[in-house]
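Everything on this sheet refers to the single structure shown next.
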Amino acid sequence: MTRSVTIHDVASEAGVSIATVSHTMNRPARVSAETRARVLAAADKLGYVPARTANGRAPTARKRIGVVAPFRAYPSYAMRLDGVLDACESERIDVLVFDHPSASRSPSPRLSTLPLSASLDGLIVMGVPIDTGLGERLVDRELPTVLVDSTHPRFPSVVLDEAHGTRLASEHLLAQGFTRFVYVTEGQVSHDYIAQGTRRLSGFLHALADQGIPEEHVKRITARSGDVTAGRHAADAIAAFAREERVGVLAGHDTLAAGILAGLRARRVAVPDRVGVMGWDGGDTVEALGLTTVRQPLVESGRIGARQLLSLLADRATPQERVLLTPNLVEGMTT
């Protein structure tokens, strides 16, 4: 009888402790990228499967899919999850949710390992870039995987037409008579990838340039985080910038925009007479504040991603597809 590969074997092959192997599999942020790569390579070479995964399930058991996203960092991913749950409601599917740190605030932003303590039949990764090594392992292990709000050449994906969204924002602010502009997004710790906020800044600058607005008319503010408090702090610089001319503000997402709006009101800056504020995402925050925003089809993106995965689970030969979704402008009282 062939002996099963154990965590001790992986530790010996990688030249690390058993605790390091455990952290790599379950708490990868505690392990350096170099060590993590060595442990995963050893696990792949030996064919190691964590004990809870190796136990398996009966053939008739419900299928299990994992959904990985920065849920606690951004409320928009909870809305995407609603779409996933909708698509899986009538299927024999259990959905396991795994939180991932915000990519922009993480020194290791790419998803480099999986929560392997759970036996998964499929995976949806939302808003987190995938490490090249992990991409290859997912392909090698034939785990059906779909990306939402992220891309990789080896997997089907659901993404937003960001250029269209930034064009909607620029055209709207110009139509309201704003002559100077501010873009606010949180800074990113790692430069290992291009953050969504950075891509939106680039799109915003290009869209304004196409309409004759030079780059020097656009002030860039890097918020220290993505929460409401950071938005309130950004309002200080915006208020100072708006003393001479009317200013149109685009925030990287609605939570920042909500903080900016609160900060401007606390400083008695007239919105939208002096400063116009736009967000990005769409949801309950928008409705409560009357916020102008670029609305993403968030629930729909999760639903489409889940349907893509269900198709892969039914037929592994399903062609890969990149679905491009179109945002729309929601005009509120803040512009």
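Predicted model only: the values in this text are computed from it and were never measured.
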Would you say [Y] ends up clustered with [X] if hydrophobic residues are merged whenever their side chains have heavy atoms under 4.5 Å apart, either directly or through other cluster members?
X	Y	result
Leu289	Ile238	yes
Val128	Leu298	no
Leu250	Val275	no
Leu313	Val146	yes
Leu120	Ile130	yes

Hey, does the side chain of [X] reach the backbone of [Y] with a donor-acceptor pair shorter than 3.5 angstrom?
X	Y	value
Arg167	Phe204	no
Asp121	Ile65	no
Thr20	Val16	no
Thr334	Thr292	yes
Thr318	Asp315	yes
Gln296	Trp280	no
Gln211	Ala207	yes

Check whether the side chains of [X] and [Y] place a donor and an acceptor atom closer than 3.5 Å, and report yes or no.
X	Y	value
Thr293	Asp254	yes
Thr229	Asp227	no
Thr166	His206	no
Thr6	Asp9	yes

Calculate, to the nearest 0.5 Å, the distance between atoms [atom1] and [atom2] belonging to [X] and [Y] respectively.
X	Y	atom1	atom2	answer
Met278	Leu168	CE	CG	7.5 Å
Arg154	Leu147	CZ	CG	12.5 Å
Leu261	Met333	CG	CE	9.0 Å
Leu81	Cys88	CG	SG	9.5 Å
Leu291	Thr335	CG	OG1	8.5 Å
His164	Leu329	NE2	CG	9.0 Å

Walk me through whether His172 and Glu331 qualify under side-chain contact (heavy atoms from CB on, under 4.5 Å). CA-CA 9 Å; His172 176 73; Glu331 188 171 353; 3.5 Å; yes
Decide yes or no on salt bridge (charged side-chain N to carboxylate O under 4.0 Å, His left out) for Asp82 and Arg303, but give the supporting numbers first. CA-CA 8 Å; Asp82 284 343; Arg303 188 181 295 119; over 6 Å; no
How about [X] and [Y]: do any of their side-chain heavy atoms sit closer than 4.5 Å?
X	Y	answer
Phe241	Val182	yes
Arg180	Arg246	no
Thr179	His217	no
Asp161	Leu325	no
Glu186	Arg224	no
Val125	Ser150	no
Arg64	Ile93	no
Arg232	Leu264	no

With a 4.0 Å cut-off on N to O distance, would you call Asp281 and Arg295 a salt bridge?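 Not counted as a salt bridge, because no side-chain N and carboxylate O are separated by less than 4.0 Å.
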Salt-bridge test for Glu162 and Arg200: reply yes if a basic N is under 4.0 Å from a carboxylate O, no otherwise.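 Counted as a salt bridge, because a side-chain N and a carboxylate O are separated by less than 4.0 Å.
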Apply side-chain contact (heavy atoms from CB on, under 4.5 Å) to Val323 and Gln308, showing your working. CA-CA 10 Å; Val323 178; Gln308 285 182 316; 3.6 Å; yes
Has Arg220 got its NZ or CZ under 6.0 Å from the middle of the six-membered ring of Tyr183, at an angle within 45 degrees of the ring axis?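 No, Arg220 does not lie over the aromatic ring of Tyr183.
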Where [X] and [Y] come nearest, the two heavy atoms and their spacing:
X	Y	value
Thr185	Gly197	OG1-CA, 3.5 Å
Ala251	Leu256	CB-CB, 4.1 Å
Gln320	Pro153	OE1-O, 3.6 Å
Pro327	Val294	CB-CG1, 3.7 Å
Asp149	Tyr77	OD2-OH, 2.6 Å
Ala87	Leu310	O-CD1, 3.7 Å

Under the side-chain contact (heavy atoms from CB on, under 4.5 Å) criterion, do Val247 and Phe181 qualify, and how do the steps go? CA-CA 5 Å; Val247 173; Phe181 303 90; 5.8 Å; no
Would you find more than 12 non-hydrogen atoms of other residues, nucleotides or ligands less than 6.0 Å from Glu216 atom CD?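 Enclosed.
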For Arg268, does the CZ atom sit with more than 12 other heavy atoms under 6.0 Å from it, leaving out its own atoms?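 No, the 6.0 Å shell around CZ holds no more than 12 heavy atoms from other groups.
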For the residue pair His253 and Tyr74, categorise the inter-ring angle as parallel (less than 30°), tilted (30 to 60°) or perpendicular (more than 60°).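 Geometry flag for Tyr74 against His253: perpendicular rings.
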Give the C-alpha distance, both sets of side-chain angles, the deciding distance and a yes or no for side-chain contact (heavy atoms from CB on, under 4.5 Å) between Glu300 and Met79. CA-CA 9 Å; Glu300 183 183 0; Met79 296 179 67; over 6 Å; no
